[in-house]
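Remarks on the structure that follows.
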Amino acid sequence: MTTTSAFTEPTLAGFEHHYAEVNGTRLHYVTGGQGEPLVLLPGWPQTWWQFHKIMPALAERYEVIAVDYRGMGTSDKPKAGYDKKTMARDIYELVRHLGHERVNIAGEDIGSMVAYAFAANHPDATTKLALWEVGHPGEVFNELRMLPQPDQPHLWWFAFNQADDLPEKLLEGRYRLLIDYLIGIESLDPDAIDEASRKIYAAAYEQPGAVRASNAWYQTFGRDIEDARTYDKLQMPVLGLGGMNFAFVPALLDGKATDVRYVEFKGAGHYLSQERPEELTRELMQFFG
């Protein structure tokens, strides 16, 4: 199934757009730079474009591969396959399609979940793993409260995205409202996500099937938690970073890797790649080498 819509991918100087048929779906990805391959996986409700501030600097040292995984951007939006193990298989087959045996991989938000699943299911293909805000679904997710709590963020959209059909009907033609609201409560520097970027994200999720697909990333959390119980402890080096939700990072990673270190971006919000691009780039380069 190939996605068709009026949405046009933004351009970034020095980078090229590509598509590949992998694992029964068609993925859009953007590449640039030379060196060891570094896969970047974005989060909801954004696209690969969320990395546009860090990609040029990273491309001076790495072959950067920013991927819109299934359901995102102009990648396909199939009916199924949104558990993170299957999505990680998509990325693994893309890596093989590009001729790489091993890659460094990094992800934010939903992308952090897919990145972790990639490392857990394809350890021989993973050199190092970095993830931030927040990590793969685990038992901690089962402890989240429906009502607001003074000691934790109120992640109401975890429940909202579980609903079938209703989010699509409510958000049709209105996705920009959700984009602005989430940035307002999840960013401590809202101006870091400019008007042009907000328009890109809103248009991407206004595409046919986009809301349904993004809902499915959340609707598979139960399956993801079950899968995580079967994973071996990660043996590759792991870097966990966080801003306003930093506490979740070690809560989801502790005991899951033999070589892990943490970095907290104090005073930062959720969208590190846009709010703290220079600091994030520095940490990633120091970690990946």
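All values below were derived from every heavy atom in this structure, side-chain atoms included, with hydrogens, water molecules and symmetry-related copies excluded. Throughout, residue positions are numbered sequentially from 1 according to the sequence presented.
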Could you give the side-chain donor-acceptor pairs of residues 174-181 under 3.5 Å, partners two or more places apart or in another chain?
residue : atom : partner : partner atom : Å
R174    : NH1  : L170    : O            : 2.9
Y175    : OH   : W44     : NE1          : 3.2
R176    : NE   : D180    : OD1          : 2.8
R176    : NE   : D180    : OD2          : 3.0
R176    : NH1  : E195    : OE2          : 3.1
R176    : NH2  : E195    : OE1          : 2.7
D180    : OD1  : R198    : NH1          : 3.0

Quick check: closest heavy atoms across [X] and [Y], and the distance to 0.1 Å?
X	Y	value
A59	F15	CB-CZ, 3.7 Å
W217	F221	O-CE2, 3.2 Å
N23	E93	N-OE1, 2.7 Å
S112	G135	OG-N, 3.0 Å

Would you call [X] and [Y] a side-chain contact if the rule is heavy atoms closer than 4.5 Å?
X	Y	value
L98	V103	no
H136	K84	yes
V67	L40	no
L144	F158	yes
Q162	Y218	yes
L239	V263	yes
H18	E16	yes
Y82	R212	yes

Next on the checklist: Check this for me, if you would: do D227 and K85 make a salt bridge, where the nitrogen-to-carboxylate-oxygen distance has to be below 4.0 angstrom?
Outcome noted: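 Between K85 and D227 there is no salt bridge, as every charged N stays at least 4.0 Å from the carboxylate O atoms.
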Item to check | Salt bridge flag under 4.0 Å for residues R229 and E139 | outcome: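 Salt bridge present between R229 and E139.
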Checklist entry - Looking at CD of E63 and CD of Q34, how far apart are the two atoms once the value is rounded to the nearest 0.5 Å? => result 8.5 Å
With a 3.5 Å distance limit and no angle check, can you tell me whether [X] reaches the backbone of [Y] through a side-chain donor-acceptor pair?
X	Y	value
R70	D90	no
Y205	Q46	yes
T31	I65	no

Item to check | ILVMFWY cluster, L241 and L188 together (side-chain gap under 4.5 Å) | outcome: no
Checklist entry - Same cluster or not: are F265 and V238 linked, directly or through other Ile, Leu, Val, Met, Phe, Trp or Tyr residues, by side-chain heavy atoms under 4.5 angstrom apart? => result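 Same hydrophobic cluster.
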Checklist entry - Can you list every salt bridge (Lys or Arg N to Asp or Glu O under 4.0 Å) pair that touches residues 276-289, not counting sequence neighbours? => result R261-E283, R276-E279
Item to check | Centroid separation H17 to H28 less than 6.0 Å | outcome: yes
Checklist entry - With ring centroids as reference points, do H270 and W132 lie under 6.0 angstrom apart? => result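 Not under 6.0 Å, so no.
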Checklist entry - Could you walk me through whether D254 and Y262 pass the side chain to side chain donor-acceptor pair (under 3.5 Å) check? => result CA-CA 10 Å; D254 280 352; Y262 300 105; 2.5 Å; yes
Next on the checklist: side chain to side chain donor-acceptor pair (under 3.5 Å), that's the test. Do S197 and W49 meet it? Break it down for me.
Outcome noted: CA-CA 8 Å; S197 295; W49 180 253; 3.0 Å; yes
Checklist entry - Could you go step by step and tell me if E108 and Q50 meet the side chain to side chain donor-acceptor pair (under 3.5 Å) rule? => result CA-CA 10 Å; E108 177 178 298; Q50 76 170 79; 2.9 Å; yes
Checklist entry - Between K256 and Y231, is NZ or CZ placed under 6.0 angstrom from the six-membered ring centre and within 45° of the ring axis? => result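 Judged by the rule, K256 and Y231 form no cation-pi pair.
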Item to check | Worked check of side-chain contact (heavy atoms from CB on, under 4.5 Å) between T281 and K53 | outcome: CA-CA 9 Å; T281 300; K53 292 183 180 181; over 6 Å; no
